[in-house]
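Note on naming: letters A, B, ... go to the chains in the order of the sequence lines (proteins, then strands), and numbering restarts at 1 for each one. Values below: every heavy atom of this structure, side chains too, minus hydrogens, waters and symmetry copies. Values in this document were obtained by computation on a predicted structure and should not be read as measured data.
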Amino acid sequence: MRSLGMFLFTIREAILRGTLIFYFVVATIVIAFFAFAIRVSPDDGKSLMILGNIIPSTLGKGITINPVEFVLLQFQKSSASFVVFFGIFAVAGLIPAMLEKGTVELFLSKPLSRTSLLLSRSLGATTGVILNMMYFVVGIWLIFGIKVGVWHWGFLLSTLVVALVFFLFFSIVALIGLITRSGGFSIMFSFIIYMLSGLLRYRTTSLYRLWDNTVFHRTLDSIYYAFPQVGEMLDNSALLIGTSPFDQLKSALVDQPSSPYLPFLYSFISATVIYALAIRYFSKEDF
Amino acid sequence: MPIVHTQQLTKIYRSGFVKRKEVAALKDVSISVERGEIFGLLGPNGAGKTTFVKILLSIVFPTKGQAEIFGQKLGALEIREKSGYLPENHRYPSFLTGLQTLQLFGQLHGLNGSVLNDKAKSLLELVGLKDWGKVKIKRYSKGMLQRLGLAQALMNDPEILFLDEPTDGVDPVGRKEIRDLLKDLRAKGTTIFLNSHMLSEVEAISDRVAILNKGEVLKIGTVADITSTKLEYEIQLDQIASGQLCEKIRPLVRELKGNEKTLIVAVHDKNDIHTVQDLIRQEGIFVESMSPRKSSLEDYFIQLIQSGEGK
Ligand SMILES: Nc1ncnc2c1ncn2[C@@H]1O[C@H](COP(=O)(O)OP(=O)(O)O)[C@@H](O)[C@H]1O
Ligand SMILES: [Mg+2]
């Protein structure tokens, strides 16, 4: 229950960060636009229309799509990557903020273990970010429900998966924040790792070619698996909505694991280890 | 059983990756604080006062030595459950209001609902911030922040209150208010542990003090113990003391100062002062008044620090 205090406080702090307010404004504009732009064709009573144009159910030659699913997928994918990207910006400074001189003494002098402090802080940061995504997702979901008549639960649920992804990635943000104790460095290094992980995902078709050496390749693999696999997990979170024809394009560039759950398993292990390291480091530090 | 008991508490800070730097902030500090007293820990900046308190609250870990609070080993959650702490240079998230700040720290103590709200409001009133509860604390003055900090430290009705330089940045009126508040708390049975480099502040309120310098305890005792060790008297005469009289007194005393009609004598033994008075009368001079000079703790403190530096 004591952790709840830290958790709620962190959500509030995260939401008040400038970048998330920016996100909120953008989300509001997008929601308002689509609330107006989306409707069902009055001609056949079921075709999806955006700004008066019908979304076709085939793309080019022979690729058939479900228009509603296709549009929802685009919303999910863009909002998920947008929220993770801006979310890191918004909350990477939260751990250093807790460790600021004059503030950290107050928190540490309360009857909470350092483990609870760190985990409730991380969960609060994640929740603060995801509440913003929820706002957007629920808005779009309502528009589709009310104006198109499709209440797509997978679309809503996928946000919870994104929350999990963000929490797993936050392990790195937390560890870096603890070590550097600086908001600026924390944002910078978290981003470098986020980008690196994204780059390494395509290593078999890119970085591998730089140097055809097994040791080099295995090193790249190890680095990739050392961190939570944000890109893969986000893509797989969209499977709750459906598959996109573009997924096939992507699979030409990356080795897809045999099961969509595997990236979650690997990332869960990686994040657990990183959180454990962070807790260990935090528990021994003088403040 | 003392409420705080430390034995040979030692802290060496290690910093720097390349060039290891070591600072011995505390050296074998053994202090006992009794339940219900106001205990002052005095020392110049860098003496190790803050480190001592931080160790008790597990914010910093000791290098060596042992400590118990409420009979619990360092690190026990119970210690922090029953302690209040006002850190020096404390900072609160500036986007919160005064009331929200107290609510936050109350929640971290496990309070919630109406108990939490009532407690926060009554403490705001106690520290004189009743009308400021809904104002963002970035608009608070230093003195107001200090009072808010005190309220924060009282959210859990602590059995022991650790205050690190509580009157820093507070105006004289505010200081008096804080002092009165601490006296009220003591009357209710709260033990108070006060860190300060401002001796006059501590002198006025502490039951016992320890003087710390460069990580070492130089002296522990009651304020009276420490201040009445000088045996100095100020004697007012009805006429100017002659050189002859002074020459007669000088061999009997430790020190003789003074000018015109005032003599300040420091004696070895209380009884010597009678001999001095007799000598004065023999000269036909009338003693108008005589009073013991209490060296203030400050003088004593400065002396101790200086003699410590001389070592
Ligand atoms: N985190 C730290 N790392 C290294 N040295 C420290 C740290 N905190 C305090 N010190 C050093 O320890 C000594 C005691 O500091 P402190 O406990 O703050 O004394 P005081 O509160 O009496 O001013 C000082 O020399 C200070 O520079
Ligand atoms: Mg200090």
- Query: Listed by chain and number, what are the side chain to side chain donor-acceptor pair (under 3.5 Å) partners of A:Y275, not counting sequence neighbours?
  - Reply: none

- Task: Can you measure from CG (B:L77) to CG (A:L112) and round to the nearest 0.5 angstrom?
- Result: 8.0 Å

- Which of parallel (below 30°), tilted (30 to 60°) and perpendicular (above 60°) describes A:F9 and B:F95? parallel

Which donor-acceptor pairs fall under 3.5 Å between chain A and chain B:
| unit_1 | atom_1 | unit_2 | atom_2 | d |
| --- | --- | --- | --- | --- |
| A:R2 | NH1 | B:E81 | OE2 | 3.3 |
| A:E100 | OE1 | B:R91 | NH1 | 3.3 |
| A:E100 | OE1 | B:R91 | NH2 | 2.7 |
| A:G102 | O | B:R91 | N | 3.0 |
| A:T103 | OG1 | B:R91 | O | 3.0 |
| A:E105 | OE2 | B:K54 | NZ | 3.4 |
| A:L108 | O | B:R80 | NH1 | 3.3 |
| A:K110 | O | B:R80 | NH1 | 3.3 |
| A:K110 | NZ | B:Q152 | OE1 | 2.7 |
| A:L112 | O | B:R80 | NH1 | 3.1 |
| A:R114 | NH2 | B:S58 | O | 2.9 |
| A:R114 | NH2 | B:I59 | O | 3.2 |
| A:D286 | OD1 | B:F61 | N | 2.8 |
| A:D286 | OD2 | B:K11 | NZ | 2.5 |
| A:F287 | N | B:I59 | O | 3.0 |
| A:F287 | O | B:K54 | NZ | 3.1 |

- Message: Please evaluate residues B:L104 and A:F107 with respect to the criterion side-chain contact (heavy atoms from CB on, under 4.5 Å), reporting the C-alpha separation (whole Å), side-chain torsions for both, the decisive distance (0.1 Å), and the verdict.
- Response: CA-CA 10 Å; B:L104 167 63; A:F107 288 129; 4.2 Å; yes

- Message: Is it the case that atom OH in A:Y225 sees more than 12 heavy atoms from other parts of the structure closer than 6.0 Å?
- Response: yes

- Query: Where does B:L96 contact chain A at under 4.5 Å (heavy atoms): side chain, backbone, both or neither?
  - Reply: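 When you check distances to chain A, only side chain atoms of B:L96 fall under 4.5 Å.
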
- Item | Residues which pass ring-ring contact (aromatic ring centres under 6.0 Å, His included) with A:Y194, listed by chain and number, not counting sequence neighbours | A:F169

- Message: Strictly less than 4.5 Å between heavy atoms, which residues of residues 81-98 of chain A line up against chain B? Please order them by number.
- Response: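 Checking residues 81-98 of chain A against chain B gives no residue, so none.
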
- Which atom of A:L106 lies closest to which atom of B:P87, heavy atoms considered: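 Between these two residues, the closest heavy atoms are CD2-CD, 3.6 Å.
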
